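A short worksheet on the structure shown next.
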Amino acid sequence: MEERYDPPKIEAEWQAEWARTDLYRTGDDPARPKFYLLEMFPYPSGAGLSVGHLHNYVPCDVIGRFKRMKGFNVLHPMGWDAFGLPAENEAILKGSHPTETVPRYAANFKRQLTISGCAYDWSREINSSEPEYYKWTQWFFLLLYKRRLAYRATGAQWWCEKCGTILANEQVINGCCWRHTDTPVGKKDLEQWYIKITDYADRLLADLDHIDWPEPIKLMQRNWIGRSEGAELGFPITGHPGKEVRFFTTRPDTVFGVSFMVLAPEHPLVAKITTPEQRAAVDAYASDARHQSEIERMSTAKEKTGVFTGAYAHNVFTDKDIPIWIADYVLMSYGTGAIMGAPGQDQRDYEFAKKYGLEIPRVTAPADRSAPPVDRAFTEPGIAINSGFLNGMPTAEAIKTVAKYSQDHEIGRAAVSYRMRDWGISRQRYWGCPIPMVYCKNECGVVPVPEDQLPVKLPPMKEYLPSGTGRSPLANVPEFVNTTCPKCGGPAERETDTLDGFACSSWYFLRFADPHNDREPFARSAADYWLPVDLYVGGAEHAVMHLLYARMWTKVMFDARMISFNEPFPMLRNQGQVWAADGRRMSKSKGNVVTPDTMIEKYGADALRLWELFMSPFDEATNWNESGIPGTLRFITRVWAMIRRYVEAGSPQGTPSEETLKQTHKTIEKVTDHIERLRFNTALAALMDHLNYVTRLTPADMGRFVAESFVVMLAPMAPHVSEEFWRALGHRTSVHLEPWPSFDPKLVRDEMVTVVVQINGKVRDRLQVPVGADESDVRELALKSEAVIRHLAGKTPTKFIFVKDKMLSIVA
RNA sequence: GCCGGGGUGGCGAAAUGGCAGACGCAGAGGACUUAAAAUCCUCUGGAGCGCAAGUUCCGUGCGGGUUCGAGUCCCGCCCCCGGCACCA
């Protein structure tokens, strides 16, 4: 064993050795329980990994190594989410081409993970932009199509000028593009492919109850899905026989208070019912609404505006004609694009009615008979008043009664509405998975590409920039576009849009189970063995995109009997975000990125890893701060000195004292428990504590068990230097193949314990008593204590509270 | 506006309602050294009292409360971070 710790030499050597012996190939031992550990599919950016990314990868690496030592058959794979807007945008920015940048960036990520000592089974590496992979992404699209979950429709869609493409609802952040947060999105009418995720809304919601995810993430999904119960009703339009305004409401109990109707400006009825006198004003308003940016339109601070159409609907409950307005606070994309105006019970309707002088009937009274507010709507549940047959009913009962009544009288029915919309999946961009559909020029219409003709390969294109016209650049490649109809053999054109990148990551976790299968996306047996993922780790930013899509596709596969589980990720954990030292996001443009490369060069990979673990709790956000790495480096050199001293003394079997054994077993217990609970910072603190104890011992007093268990516990966290220690201790095999040490529960238990004595809530003395000492013994001891006597100052105790092995509280 | 998460020494942070500040960084003093670096040892929340061993009071964003006992539970605020934002 060398005198000095030399990280570059050790780390290069062991990384080569691990590669040579293929140490991290996934086990193939069905007798062992399996453990599938997965980090969210990374997009390999040109900036490479930062120390922030390692705050996810290093802890996961520790878990993977730990689980192997605990006897699990571990699947811990890695691959690249390489298709999609981020990759293409970056290639454009660099004046390059994604076919050039993607493999280069992915290789760099792989290199960085390797020099950081992260153990992946690279034989299972996948890349979503390669035909071997995206063939199956296309296959899944066809599966969705076959199951009537992929459909084509025209509609106003989010459009980012900078991306030159449509975005999904989830990809619009504060009215701006998720890739260009300074660029407000607009709307564009395009014919698009949609995935019918709303069909799964109820299951996506209900199954959240059965998965072990952080509560805030579940809540975000619940809010995103936004299920509301109510009724869908229709009021006839006066003077237009057969036409009605259909609307959704969560408060059908307030129908007697409906004094007007509001349609979204884009509502198809608007053109049909607007009277000639009102047409000019209505058209002007509608056109204005269309040209507003989404930020302006969505602003809740804005005063409500609208225009009267001149038409009336008939409120069948009050038997009155009520005016139909249009207003931009009503959204075409939610419910039916129309609402009933119940200004007495809805604050938005109240503001609208106030502004335009519409009648404000009050139809709900506070249940406690207090006076209803006069200057705003009363939105809480209460008792129905001025409401015909509903009078006197509590809100909940009135809601049911109206639903029943409406059904019986063919006005409408109870209904559920979701905030979540279908997933617009078409992208008018080059770098994505081609949508395997063909448009026949004869009579066949839309025809799916037969499975045996997959993949539809992305054609090579030098000039691949988005056109911005609403058509993908692929439309400019005649060899790609022109094809024959698979059905009739006649002339046909291919779909030229590509799939949203989130399609690729909606099933990749299954591909890792069987990554090289060229006959099917994965073998059933492989999925049955490895899936679902036992621990899924990633950032909270994917709460409503990737995690919803992946859950939906999993349910589709379940319904198609391809897999036997309903949820892909029964256990999810979020790592904490690491901000730059200045508290901002790490980014190249801000010049505040710290890379693992520079840290490894300075301190070595093991010291960096320990600092990533020790710096802050795994799931809490923190600012990057380099100043602690000298500490973890010092810890390693102290272990080095400790092991070296032991080895130089001839590695004695030794005769550790009972105290030393106790201390060691307690440490094993703590480190094991903390790693299992993902508390890496306190796991390492326990090892540091242990080192402080152990360094005071002579080699003979320490002994082999203490030395070896120390190294084995350190191995998942500092894998390189631990190999070096293990070899110095005389072993020929890798420390990473060792079983995790176990502790003896008998040795972990203490015989003596400190019991605190409090007087009137303040700690006044500490007593050493045998474990399990009962109250009378402790009381007797305490009352003899000098400190207790002094603080009682002659007063007589009136009450004792005793917590065994913890505390005696005296009230005087 | 609504919904989450958070606020503890100079810093990163520990703490099933029961000894606040483990572990580490930084700092101070000492040992080794011609010297420095490295390493090792000691001290290190604040304010008092004591020559000292010690000992007292205060202290977990602010203000209340429950409790023998609150960083932890409850009520009302302030600040920071994240999500949603006219969803009828």
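These numbers come from a predicted model, not from an experiment.
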Looking at [options], which one has an atom nearest to any side-chain atom of [X]?
X: A/Asp689; options: B/G12, B/A14, B/C23; result: B/C23
X: A/Arg419; options: B/G18, B/A85, B/A22; result: B/A85
X: A/Pro216; options: B/C86, B/G5, B/C23; result: B/G5
X: A/Arg679; options: B/C84, B/A14, B/C86; result: B/A14
X: A/Arg790; options: B/C3, B/G69, B/U55; result: B/U55
X: A/Leu219; options: B/A14, B/G4, B/U56; result: B/G4
X: A/Gln758; options: B/A13, B/G18, B/C23; result: B/G18
X: A/Thr754; options: B/C23, B/C19, B/G18; result: B/C19
X: A/Ala685; options: B/A22, B/C3, B/C86; result: B/A22
X: A/Ser809; options: B/C57, B/G18, B/C23; result: B/G18

Side-chain N or O of [X] less than 4.0 angstrom from OP1 or OP2 on [N]?
X: A/Ser627; N: B/G12; answer: no
X: A/Ser228; N: B/A88; answer: yes
X: A/Arg696; N: B/C41; answer: no
X: A/Lys762; N: B/C58; answer: yes
X: A/Asn223; N: B/C2; answer: no
X: A/Arg4; N: B/A38; answer: no
X: A/Arg634; N: B/A26; answer: yes
X: A/Asn681; N: B/A14; answer: yes

Roughly how many Å apart are [M] and [N], using the [atom1] atom of each and rounding to a whole number?
N: B/A13; M: B/G1; atom1: C1'; answer: 35 Å
N: B/C81; M: B/C86; atom1: C1'; answer: 26 Å
N: B/G18; M: B/C73; atom1: P; answer: 11 Å
N: B/G9; M: B/U60; atom1: C1'; answer: 10 Å
N: B/G59; M: B/G69; atom1: P; answer: 15 Å
N: B/G4; M: B/C11; atom1: P; answer: 30 Å

Under a 3.5 Å limit for both distances, which nucleotide forms a Watson-Crick or G-U wobble pair with [N], could you say?
N: B/A47; result: B/U56
N: B/U66; result: none
N: B/G4; result: B/C81

Value in whole Å for how far the [atom2] atom of [N] lies from [atom1] of [X]:
X: A/Phe680; N: B/A22; atom1: CZ; atom2: P; result: 23 Å
X: A/Arg677; N: B/A15; atom1: CZ; atom2: P; result: 8 Å
X: A/Ile636; N: B/G24; atom1: CD1; atom2: C1'; result: 14 Å
X: A/Tyr693; N: B/A22; atom1: OH; atom2: C1'; result: 18 Å
X: A/Ile801; N: B/A70; atom1: CD1; atom2: P; result: 12 Å
X: A/Phe235; N: B/A88; atom1: CZ; atom2: P; result: 18 Å
X: A/Trp611; N: B/A26; atom1: CH2; atom2: C1'; result: 11 Å

Quick one: label [X] by what it contacts on the DNA or RNA (base, sugar-phosphate, nothing), any heavy atom closer than 4.0 Å.
X: A/Ser417; result: nothing
X: A/Gly226; result: nothing
X: A/Arg764; result: sugar-phosphate
X: A/His791; result: sugar-phosphate
X: A/Asn623; result: nothing
X: A/Pro617; result: sugar-phosphate

Q: Please work out whether B/G9 sits syn or anti, treating a glycosidic angle within 90° of 0 as syn.
A: syn
Q) Does A/Trp579 reach the side chain of A/Arg585, with side-chain heavy atoms less than 4.5 Å apart? A) yes
Any idea which heavy atoms bring [X] and [Y] closest together, and the distance?
X: A/Glu612; Y: A/Leu54; result: OE2-CB, 3.5 Å
X: A/Glu2; Y: A/Trp640; result: O-NE1, 3.1 Å
X: A/Ala353; Y: A/Phe260; result: CB-CE2, 3.9 Å
X: A/Glu775; Y: A/Phe800; result: OE2-CB, 3.6 Å

Any chance the side chains of [X] and [Y] put a donor and an acceptor closer than 3.5 Å?
X: A/Arg362; Y: A/Gln345; value: no
X: A/Glu232; Y: A/Thr336; value: no
X: A/Tyr329; Y: A/Asp349; value: yes

Q: Hey, could you give me the OG/CZ distance between A/Ser776 and A/Phe802, rounded to the nearest 0.5 Å?
A: 8.5 Å
(Q) Go nucleotide by nucleotide along RNA chain B from the 5' end; which of A/Lys806 and A/Ala787 gets its closest nucleotide reached first? (A) A/Lys806
